[in-house]
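This is a predicted model, so every value here is computed, not measured. Positions are given from 1, in the same order as the sequence printed here.
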Amino acid sequence: MKQVVIMVFCGVLLSCCSQQQQARRPISQSSGTFLKESVIRNKKLISGEEAKIDSIIKSNPAIQYIASDKGYWYRYEIKNTQDSIRPKKGDIAHFNYEIKDLDGNVIYSELELRPQTYHVDKEQKIIMGLRHGIKLMRKNETVTFLFPSHVGYGYHGDDRRIGHNQPLICTVTLNDFAPETSQNSELVKQTKITTE
């Protein structure tokens, strides 16, 4: 009897081993439709925002706007033709700005936002459009930027006054900029003078 049981067990074992095991499919499979729908929705959103910006540009043909390669438009309010130097990575830029909606309503005034200090390309405390826009400016220039939401505060907004997917008008004045090392040495000089 033991021999029969052993033979049956060996037969079952051999038949199981001789069959190839099939890979199991995942319980849930993604079809990719969510991503496709998201892309379509974002394209419509950007297209709608660009249409609004285009109507602002066309409403006053006397003002010349320049299209940037980063997806926004800008115009010079005050242009500095004397200087050719622009901020570069590592420079410390000092600027003022104001934020409006596309209807021209002030969201944040220059007074509320106070003068800003920004380490060019070393920090991300300002929106992407401003990070790129400041590098286009020269000292003492004032530029008005038309930012679609994707280079502004994006889907999330700022949790205060700027809503989600809100395109913006930002008017920026670049007061000054200098290499980081000269700013640090100037700070050291000022500290020595006050401690003496």
Side-chain angles (χ1 to χ4, degrees), residues 46 49-50 52-53 56-57 63-195:
I46 290 169
E49 290 178 7
E50 288 178 350
K52 289 177 187 174
I53 289 171
I56 290 172
I57 292 170
I63 297 175
Q64 180 186 1
Y65 281 90
I66 302 165
S68 79
D69 59 351
K70 302 292 184 186
Y72 59 85
W73 293 260
Y74 62 99
R75 74 170 192 234
Y76 288 93
E77 305 287 338
I78 300 172
K79 191 167 186 172
N80 177 354
T81 56
Q82 304 299 315
D83 295 326
S84 62
I85 302 171
R86 295 181 171 142
K88 62 184 180 312
K89 184 175 182 173
D91 288 349
I92 299 175
H94 303 281
F95 67 96
N96 296 339
Y97 72 118
E98 174 180 77
I99 301 175
K100 297 178 185 176
D101 63 18
L102 289 186
D103 294 324
N105 302 312
V106 175
I107 298 172
Y108 291 109
S109 71
E110 191 174 307
L111 184 64
E112 287 178 280
L113 295 173
R114 300 187 198 131
Q116 300 284 313
T117 300
Y118 166 63
H119 289 77
V120 179
D121 288 342
K122 286 195 167 188
E123 57 188 359
Q124 297 181 359
K125 71 178 187 178
I126 59 176
I127 60 175
M128 185 188 320
L130 282 178
R131 291 195 303 255
H132 294 293
I134 285 174
K135 292 189 289 187
L136 296 173
M137 299 176 70
R138 298 175 184 96
K139 285 182 188 177
N140 301 316
E141 283 188 333
T142 301
V143 176
T144 296
F145 296 95
L146 302 176
F147 293 131
S149 64
H150 64 90
V151 292
Y153 286 89
Y155 174 76
H156 196 278
D158 76 339
D159 290 330
R160 291 181 289 167
R161 297 185 206 164
I162 298 173
H164 65 279
N165 297 325
Q166 184 172 359
L168 302 168
I169 300 172
C170 291
T171 302
V172 181
T173 301
L174 181 60
N175 301 315
D176 195 10
F177 65 91
E180 186 175 26
T181 54
S182 70
Q183 290 276 333
N184 289 342
S185 63
E186 207 44 52
L187 197 63
V188 168
K189 284 180 190 175
Q190 289 176 358
T191 307
K192 283 182 181 179
I193 292 170
T194 57
T195 57

Is there a side chain to side chain donor-acceptor pair (under 3.5 Å) between Thr171 and Glu77 once you walk through the steps?
CA-CA 9 Å; Thr171 302; Glu77 305 287 338; 5.4 Å; no
Do Ile46 and Pro148 have side-chain heavy atoms sitting under 4.5 Å apart?
no
Close side-chain approach of Ser149 to Tyr155, heavy-atom, < 4.5 Å:
no
Can you confirm whether Lys125 is buried at NZ, in the sense that more than 12 heavy atoms of other residues, nucleotides or ligands lie under 6.0 Å from that atom?
yes
State, with a plain yes or no, whether a side-chain heavy atom of Gln64 is found less than 4.5 Å away from one of Arg75.
no
Tyr118 and Arg131, any side-chain heavy atoms less than 4.5 Å apart
yes
CD1 of Ile126 to NE2 of His132: how many Å apart, nearest 0.5 Å?
10.0 Å
Rounding to 0.5 Å, atoms NE2 (His150) and CE (Met128) come to a distance of 8.5 Å
Is Arg86 reaching over with its side chain to a backbone N or O of Leu136, donor-acceptor style, under 3.5 angstrom?
yes
Please round to the nearest 0.5 Å and tell me the distance separating atom CZ of Phe177 and atom NZ of Lys88.
7.5 Å
Kindly give the heavy-atom pair with the smallest separation between Ala93 and Ile134, and that separation in Å.
CB-CG2, 4.1 Å
Flag side-chain contact, heavy atom, 4.5 Å: Trp73 against Glu50:
yes
Determine whether Ile162 and Leu168 make a side-chain contact, defined as any pair of heavy atoms from C-beta on separated by less than 4.5 Å.
yes
Rounding to 0.5 Å, atoms CG (Leu174) and NZ (Lys135) come to a distance of 13.5 Å
Nearest heavy-atom pair of Ile107 and Gln166: which atoms, and what distance?
CD1-NE2, 3.5 Å
Indicate the atoms forming the closest heavy-atom contact of Asn96 with Gln116, along with that distance.
OD1-N, 4.4 Å
About how many Å separate OH of Tyr153 and CZ of Phe147, when rounded to the nearest 0.5 Å?
10.0 Å
Heavy-atom count around Gln124 CD within 6.0 Å, excluding the residue itself: above 12?
no
Describe, in one word, how the ring planes of Tyr74 and Phe145 are oriented to each other, choosing from parallel (under 30°), tilted (30 to 60°) and perpendicular (over 60°).
tilted
Identify the heavy atoms of Arg160 and Asp158 that sit nearest to each other, and give their distance.
N-OD1, 2.9 Å
Between the main-chain N or O of Asn140 and the side-chain N or O of Asn80, is there a donor-acceptor pair closer than 3.5 Å?
no
Atom pair OH/CE of Tyr76 and Met137 - distance to nearest 0.5 Å
8.0 Å
Please determine which of Leu102, Leu146, Asp101, Val151 meets the side chain to side chain contact (heavy atoms under 4.5 Å, CB included) test together with Pro167.
Leu102
